[in-house]
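One structure below.
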Amino acid sequence: SGYLGLPRSLNAACVPPGSSDDFETVSLHATSPRARCKEPLAGIQKDEQMVKPSEHLTEPKGGNKAPPRAAAAAFDKPNTVSYSQSSLIHLVGPSDCTLHGFVHGGVTMKLMDEVAGIVAARHCKTNIVTASVDAINFHDKIRKGCVITISGRMTFTSNKSMEIEVLVDADPVVDNSQQRYRAASAFFTYVSLSQEGRSLPVPQLLPETEDEKKRFEEGKGRYLQMKAKRQGQAEPQS
């Protein structure tokens, strides 16, 4: 044991703070209480400097700060359709169905919105919310026991909004007489929000194939049509 009966590993606490010779090289054979108290510091040279805690909190020289829109740099790179394309597989159970054994429309809409939200979140990596939903088309009924696949893909992006097409395909696994079929489809529009709830620019979509370019132009047409409709509603009527 060291000075005052403490182990030598704890003797460093005995060194008075601020002493001028805290970093002196001390012989391990020193006999004075003060020397034995400083033995754990042996080998540290005088020219070694300690970093003050306050130095980590100082601003860079010149007072330069990050630009307010530095976070927007992540939006400069466009993303492809396959980058955010997502799907969800769900087995239709009794709790999803009506008394007649068909899926509730609200259950299908909820699953479609979840997939659209995943696509939007993967595309922009920020907080996202549903802005609007185009008419949901229920092409055919979905029975209990079917396995449904909900697929979502980005079709169009404006400066601050994203259009996502969601398709629902049903596979009646317990009925071999019926093939897989399209059950529902819709277009969801999402926007990106900051932590303060303000809209943010979204990464642009980069269509690669001819089908993706065609869907992009169709989505652009729907966007412009909806924008004109909103502007017409905002104009005061005489």
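For this chain, numbers begin at 1 and follow the sequence in order.
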| request: Quick one: closest heavy-atom pair of Ala116 and Tyr190, and the distance? | output: CB-CE1, 3.6 Å

| said: If I take atom NE2 from residue His100 and atom CZ from residue Arg143, how far apart are they, to the nearest 0.5 angstrom? | reply: 11.5 Å

| request: Report yes if the side chains of Pro203 and His123 come closer than 4.5 Å at any heavy-atom pair, otherwise no. | output: yes

| message | Starting from Val168, can I reach Val92 by hopping between I/L/V/M/F/W/Y residues whose side chains sit under 4.5 Å apart? | response | yes

| task | Answer yes or no: is there a side-chain heavy-atom contact under 4.5 Å between Cys97 and Phe102? | result | no

| request: Working to the nearest 0.5 Å, report the span between CG of Leu88 and CD1 of Ile118. | output: 6.5 Å

| Side chains of Thr149 and Asp171: donor-acceptor distance under 3.5 Å anywhere? | no

| Run the side chain to side chain contact (heavy atoms under 4.5 Å, CB included) check on Arg122 and Asn79 step by step: do they pass? | CA-CA 10 Å; Arg122 283 181 168 176; Asn79 294 327; over 6 Å; no

| message | Are Val166 and Arg153 packed together at the side-chain level, in the sense that at least one heavy-atom pair is separated by less than 4.5 angstrom? | response | no

| field | Heavy-atom side-chain contact between Ile128 and Leu193 under 4.5 Å | value | no

| query | Excluding sequence neighbours, so at least two apart, what forms salt bridge (Lys or Arg N to Asp or Glu O under 4.0 Å) with Arg182? | reply | Asp169

| Between NZ of Lys141 and OG1 of Thr98, what distance do you get to the nearest 0.5 Å? | 10.5 Å

| query | Is it true that a side-chain atom of Gln204 and a backbone atom of Val202 form a donor plus acceptor pair closer than 3.5 Å? | reply | yes

| task | Using a 4.5 Å cut-off on heavy atoms from C-beta on, say whether the side chain of Ile148 contacts that of Leu111. | result | yes

| task | State, without any angle test, whether Ser192 and Thr126 hold a side-chain donor-acceptor pair at a distance under 3.5 Å. | result | yes

| note | Here the gap from Glu217 atom CD to Arg215 atom CZ, rounded to the nearest 0.5 Å, amounts to 12.5 Å

| field | Test side chain to side chain contact (heavy atoms under 4.5 Å, CB included) applied to Val191 and Ser199, step by step | value | CA-CA 7 Å; Val191 294; Ser199 60; 5.5 Å; no

| task | Treating Ile, Leu, Val, Met, Phe, Trp and Tyr as nodes and any side-chain heavy-atom pair under 4.5 angstrom as an edge, say whether Met226 and Val133 lie in one connected cluster. | result | no

| field | Test item: Met109 and Asp113 side chains (from C-beta on) under 4.5 Å apart, heavy atoms | value | no

| task | Tell me whether Ile150 is reachable from Phe187 by hopping between hydrophobic residues (I, L, V, M, F, W, Y) whose side-chain heavy atoms are closer than 4.5 Å. | result | no

| Met154 side chain reached by Gln85 side chain, heavy atoms, under 4.5 Å | no

| Minimal non-hydrogen separation, Leu205 against Phe216, with atom names | CD2-CD1, 4.0 Å

| said: Looking at every heavy atom in both Met112 and Ala184, which two are closest together, and how far apart are they? | reply: SD-CB, 4.3 Å

| note | Ala186 and Ile136 have their tightest heavy-atom pair at CB-CG1, 3.6 Å

| request: Starting at NZ of Lys77, measure out to CG of Leu206 and round the result to the nearest 0.5 Å. | output: 10.5 Å

| query | Shared ILVMFWY cluster between Val129 and Leu200, side chains joined below 4.5 angstrom? | reply | no

| Looking at Ile164 and Ala120, what are the two nearest heavy atoms and their distance? | CD1-CB, 3.7 Å

| query | What's the spacing between Lys160 NZ and Cys124 SG if we round to 0.5 Å? | reply | 13.5 Å

| query | Between Lys110 and Glu114, is there a side-chain N and carboxylate O pair less than 4.0 Å apart? | reply | yes

| request: Establish, yes or no, whether the cationic atom of Lys220 lies under 6.0 Å from the six-membered ring centre of Phe156 and within 45° of the ring axis. | output: no

| said: When you group the ILVMFWY residues by side-chain heavy-atom contacts below 4.5 Å and let the links chain together, are Leu167 and Met162 in the same group? | reply: no

| said: Are the side chains of Glu218 and Thr155 in contact, using a 4.5 Å heavy-atom criterion? | reply: no

| request: Apply side-chain hydrogen bond (donor to acceptor under 3.5 Å, both in side chains) to Glu163 and Thr189, showing your working. | output: CA-CA 5 Å; Glu163 184 191 71; Thr189 300; 5.4 Å; no

| Of the non-hydrogen atoms in Ile142 and Tyr181, which two are nearest, and what is the gap between them? | CA-OH, 3.7 Å

| request: For Ser185 and His139, test the side chains for any donor-to-acceptor distance below 3.5 angstrom and give the result as yes or no. | output: yes

| query | Are Glu208 and Thr80 close enough that a side-chain donor and a side-chain acceptor fall under 3.5 Å? | reply | no

